[in-house]
J.: 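Submitted below is the structure of interest, expressed as structure tokens.
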Amino acid sequence: MIDIVLFVGRILLVVILYLFLFAVMRTGIGLVKGQRKDTAIWTLDLEKGPRNLRGLHVDMLGPVVIGRSPSCDIQINEPYVSANHARLTIQGPALVLEDLGSTNGTTVNGHAVVEPVTLRDGDDVQVGDAVLRVSRR
């Protein structure tokens, strides 16, 4: 009789363990799906600029530094562009532009950037002679 009780107890323990693992796995999958829905994909497209950058399209997956330095993510080799000119970062669902103390400045829709600016879909960012269009998918 005791053998049957122990056997049933073991079966119940295994069933409870599997139910717990299933609930944890289902919650994790729900979180991952939720993150994909909440985050938008930001992109940059070159509207005007040097010939060697024509057709440039960048999907924002993390911080992007724009400048003349070869270490920059988007390298614009123009005389009016500083070595590290500007940085774009994703902060939650927003895309934020920050001028990195460039000599000639950065503009958004013709307005100078003096502090970090939250960008919107369709904004034009000018760095030197290059104009990048920001879009959200």
Side-chain angles (χ1 to χ4, degrees):
M1 179 68 183
I2 193 80
D3 291 338
I4 294 174
V5 172
L6 288 174
F7 178 72
V8 170
R10 287 179 188 159
I11 297 294
L12 283 175
L13 182 65
V14 169
V15 168
I16 291 171
L17 180 64
Y18 274 105
L19 287 173
F20 174 75
L21 291 175
F22 178 73
V24 168
M25 189 173 74
R26 191 169 154 198
T27 303
I29 290 171
L31 287 174
V32 170
K33 284 183 180 177
Q35 288 172 353
R36 287 185 186 158
K37 287 180 185 173
D38 292 343
T39 58
I41 297 174
W42 290 96
T43 61
L44 298 172
D45 293 299
L46 185 74
E47 292 292 313
K48 175 186 165 195
R51 287 186 183 168
N52 62 335
L53 293 178
R54 296 271 165 91
L56 176 73
H57 173 83
V58 177
D59 289 328
M60 294 289 300
L61 301 174
V64 171
V65 177
I66 302 170
R68 196 176 32 181
S69 172
S71 65
C72 291
D73 300 307
I74 299 176
Q75 184 182 5
I76 302 173
N77 200 4
E78 293 287 316
Y80 296 113
V81 178
S82 298
N84 291 312
H85 198 97
R87 177 178 38 233
L88 293 152
T89 54
I90 298 174
Q91 296 179 2
L95 181 63
V96 178
L97 173 69
E98 175 185 6
D99 185 82
L100 299 176
S102 63
T103 305
N104 295 305
T106 306
T107 64
V108 175
N109 299 327
H111 302 289
V113 174
V114 291
E115 59 184 32
V117 175
T118 301
L119 299 174
R120 293 173 293 178
D121 187 23
D123 282 348
D124 287 331
V125 175
Q126 184 168 357
V127 175
D129 291 333
V131 177
L132 299 161
R133 170 78 40 98
V134 177
S135 58
R136 182 177 179 176
R137 292 192 273 156

J.: Counting distance only, does the side-chain N/O of Ser69 pair as donor-acceptor with the main-chain N or O of Asn84 below 3.5 Å?
T.: no
J.: Please determine whether residues Val134 and Val127 belong to a single hydrophobic cluster, defined as Ile, Leu, Val, Met, Phe, Trp and Tyr linked transitively by side-chain heavy-atom distances below 4.5 Å.
T.: yes
J.: So which atom in Ala130 and which in Leu46 form the shortest heavy-atom distance, rounded to 0.1 Å?
T.: CB-CD1, 4.1 Å
J.: Using 4.0 Å as the upper bound for N to carboxylate O, is an ion pair formed by Asp59 and Arg137?
T.: yes
J.: What pair of heavy atoms forms the shortest contact from Val108 to Val113, and how long is it?
T.: CG2-CG2, 3.6 Å
J.: Please round to the nearest 0.5 Å and tell me the distance separating atom OG1 of Thr43 and atom CZ of Arg136.
T.: 11.5 Å
J.: Are Phe7 and Val15 connected into the same hydrophobic cluster when the rule is that any two of I, L, V, M, F, W, Y join if their side-chain heavy atoms are below 4.5 Å apart?
T.: yes
J.: Do side-chain atoms of Gln126 reach the backbone of Gly128 as a donor and acceptor pair under 3.5 angstrom?
T.: yes
J.: Do any N or O atoms from the side chain of Arg87 and from the backbone of Asp99 form a donor-acceptor pair under 3.5 angstrom?
T.: no
J.: Working to the nearest 0.5 angstrom, can you tell me the gap between Thr118 OG1 and Gln91 CD?
T.: 7.0 Å
J.: Between atom CG of Leu61 and atom CD1 of Ile41, what is the distance when rounded to the nearest 0.5 Å?
T.: 8.0 Å
J.: Quick one: CG on Leu6 to CG on Leu13, what's the gap to the nearest 0.5 Å?
T.: 12.0 Å
J.: Verify the cluster assignment for Leu56 and Leu88: are they in a single hydrophobic cluster under the rule of side-chain heavy atoms below 4.5 Å apart?
T.: yes
J.: Starting from Leu97, can I reach Trp42 by hopping between I/L/V/M/F/W/Y residues whose side chains sit under 4.5 Å apart?
T.: yes
J.: Just so I know, are the side chains of Asp129 and Pro50 near enough to count as touching, which here means a heavy-atom distance under 4.5 Å?
T.: no
J.: Same cluster for Val131 and Val117 if Ile/Leu/Val/Met/Phe/Trp/Tyr side chains link at under 4.5 Å?
T.: no
J.: Check the pair Ser135, Asp45 against side-chain contact (heavy atoms from CB on, under 4.5 Å), reporting the backbone distance first and the verdict last.
T.: CA-CA 8 Å; Ser135 58; Asp45 293 299; 4.0 Å; yes
J.: Output the distance between atom CG (Leu44) and atom CG (Asp123), rounded to the nearest 0.5 Å.
T.: 11.0 Å
J.: Where do Ala83 and Cys72 come nearest, in terms of heavy atoms and distance?
T.: O-SG, 3.2 Å
J.: Tell me every residue that passes side chain to side chain donor-acceptor pair (under 3.5 Å) with Arg68, counting only those two or more places apart in sequence or in another chain.
T.: none
J.: Tell me, with the steps shown, if Ile66 and Thr106 meet side-chain contact (heavy atoms from CB on, under 4.5 Å).
T.: CA-CA 10 Å; Ile66 302 170; Thr106 306; over 6 Å; no
J.: Roughly how far, to the nearest 0.5 Å, is the CE atom of Met60 from the CG atom of Leu95?
T.: 5.0 Å
J.: Is there a donor-acceptor contact under 3.5 Å from the side chain of His85 to the main chain of Ser82?
T.: yes
J.: Counting only heavy atoms not in Arg54 (residues, nucleotides, ligands), do more than 12 fall under 6.0 Å from its CZ?
T.: yes
